[in-house]
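Reading through the structure tokens given below for one structure.
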Amino acid sequence: MTPIIEARGLIKRFGRVEALNGLDLVAEPGQVVALLGPNGAGKTTFVRSLATLVSPDAGTLRVAGIDAVREPDRIRRVIGLAGQYAAVEGAMTGRENLEMVARLFGLDRRRAKESAASVLERLALTDVGDRLVRTYSGGTRRRLDLGASLVGAPRLLLLDEPTTGLDPRSRVELWDAIRTLVSGGTDVLLTTQYLDEADRLADRIVIIDHGRVIANGTPGELKSQVGRDLVEIHVRDQAAIDPVRRSLDLLGHGTVHTDPAALLVTVDVDNGPERLMQSVQALVDLGVDVDDIALRRPTLDEVFLNLTGAAAEPVIERSAR
Ligand SMILES: Nc1ncnc2c1ncn2[C@@H]1O[C@H](COP(=O)(O)OP(=O)(O)OP(=O)(O)O)[C@@H](O)[C@H]1O
Ligand SMILES: [Mg+2]
């Protein structure tokens, strides 16, 4: 299968800044890929390279097998781009905006109308389609912008921070719209600052920093890289801390930590669910009162901090593995 995106050793300099510094990324079709990284990591530069708005200084870049540098015109026919700032016209209705874009894509009047109607339908915008865009909420406007990027029936949709600044409900609506697109056969690459967004929406997460990929995997794979699960036990009474610690030590699952002030005992474990059940059994046997016992899995925040945070050396170690 031809990858939908294939970037090898991509380099882009702006003066002395290396926005892309040997970026390698291969994405298979049929997935939502989330590009995650701190400010200035090179996310937008990569998206703009894919959209042929930026030309790389070195390396190769292909979309659906087409060379982005040598054949930008062909690339533009397979991609759609929507950015953080909705590029739709407020003084026109949603439908008119979409029809205009369709005409720009060379469709005749009748086809443009059909295309606009179908996009409104797909993004659940039919009800507001005949209202002026300037009366839309931010979320609806963003959805229309997403719609405008779909008019040309792209194979790959590029979304640069599609939900930045939206309220939680509009974000969820936009996620639904994106999922619908993917199930309809459009591949999506999106950038995001929101870890929960990447976690909920993406099949594959690519973390970049300083213009190169430092981690790449499913949300689950990335979380399991960062470390082990934690069994957390809140006891009711400080006197229970020591016996609980001893009994968990005996199980030998992992290192037991105690925080008497917080009435908390934690164990890091490998096989979370199974260890949790064994710990519960041990506590029942011990006969102590607990307020709460829970299995806490690593979050994407921890992955992200681990990789892009202060700990620079482990980053190199991890990405080399
Ligand atoms: N047109 C440009 N001219 C000069 N420098 C640029 C240009 N575009 C990007 N840069 C620089 O390249 C680096 C990467 O920028 P880029 O916008 O790709 O990062 P980003 O990951 O999208 O960041 P953010 O999360 O803030 O959107 C930054 O240091 C930025 O200042
Ligand atoms: Mg950006």
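Quick caveat, the model's predicted, so the values are computed rather than measured. The figures here come from the full heavy-atom set of this structure, side chains too, leaving out hydrogens, waters and symmetry mates. We're numbering straight along the sequence, starting at 1. One-based numbering, in listed order, for ligands and for the atoms of each.
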Contact check, [X] vs ligand 1, heavy-atom distance below 4.0 Å:
X: Gln193; answer: yes
X: Glu161; answer: yes
X: Gly37; answer: no

Here the gap from Thr218 atom OG1 to Lys223 atom NZ, rounded to the nearest 0.5 Å, amounts to 9.0 Å
Can you tell me which residue and heavy atom of the protein come closest to [atom], and the distance to 0.1 Å?
atom: atom 12 (O) of ligand 1; result: Ala19 CB, 3.3 Å
atom: atom 9 (C) of ligand 1; result: Phe14 CE1, 3.4 Å
atom: atom 15 (O) of ligand 1; result: Thr45 OG1, 3.8 Å
atom: atom 30 (C) of ligand 1; result: Val17 CG1, 4.8 Å
atom: atom 26 (O) of ligand 1; result: Asn39 ND2, 3.0 Å
atom: atom 25 (O) of ligand 1; result: Lys43 NZ, 2.7 Å
atom: atom 23 (O) of ligand 1; result: Gly40 N, 2.8 Å

| said: As a quick check of understanding, evaluate side-chain hydrogen bond (donor to acceptor under 3.5 Å, both in side chains) for Glu197 and Thr192, giving each step before the final call. | reply: CA-CA 7 Å; Glu197 178 159 293; Thr192 179; 3.0 Å; yes
Ligand 1 to Ala41, heavy atom cutoff 4.0 Å, flagged ligand atoms 19 (O), 20 (P), 21 (O)
Under 4.0 Å from one or more heavy atoms of Thr44, ligand 1 contributes atoms 17 (O), 18 (O), 20 (P), 22 (O), 27 (O)
- Task: Mind running side-chain hydrogen bond (donor to acceptor under 3.5 Å, both in side chains) on Thr93 and Asp130 for me, showing each step along the way?
- Result: CA-CA 5 Å; Thr93 67; Asp130 295 309; 4.8 Å; no
Do Ser49 and Leu20 pass the side chain to side chain contact (heavy atoms under 4.5 Å, CB included) test, and can you show the C-alpha distance, the side-chain angles, and the key distance before you say yes or no? CA-CA 10 Å; Ser49 308; Leu20 300 178; 3.8 Å; yes
Checklist entry - Would Thr266 and Val231 satisfy side chain to side chain contact (heavy atoms under 4.5 Å, CB included), going step by step from the backbone distance to the final call? => result CA-CA 6 Å; Thr266 57; Val231 173; over 6 Å; no
For Asp268 and Thr255, indicate whether the former's side chain and the latter's backbone hold a donor-acceptor pair under 3.5 Å. yes
### Message
Working note: Ser183 + Thr180, criterion side-chain hydrogen bond (donor to acceptor under 3.5 Å, both in side chains); need CA distance, chi angles, decisive distance, verdict.
### Response
CA-CA 5 Å; Ser183 63; Thr180 308; 5.4 Å; no
| message | Let me check your reading of the structure: within less than 2.8 Å of the Mg ion (ligand 2), is there an N/O/S atom from Thr44? | response | yes
**Asked** Tyr194 ring centre to Arg171 NZ or CZ under 6.0 Å, with the angle to the axis within 45°?
**Response** yes
Report task. Assess whether side-chain hydrogen bond (donor to acceptor under 3.5 Å, both in side chains) is satisfied between His210 and Glu18, documenting all intermediate values. Result -> CA-CA 8 Å; His210 296 112; Glu18 297 227 304; over 6 Å; no
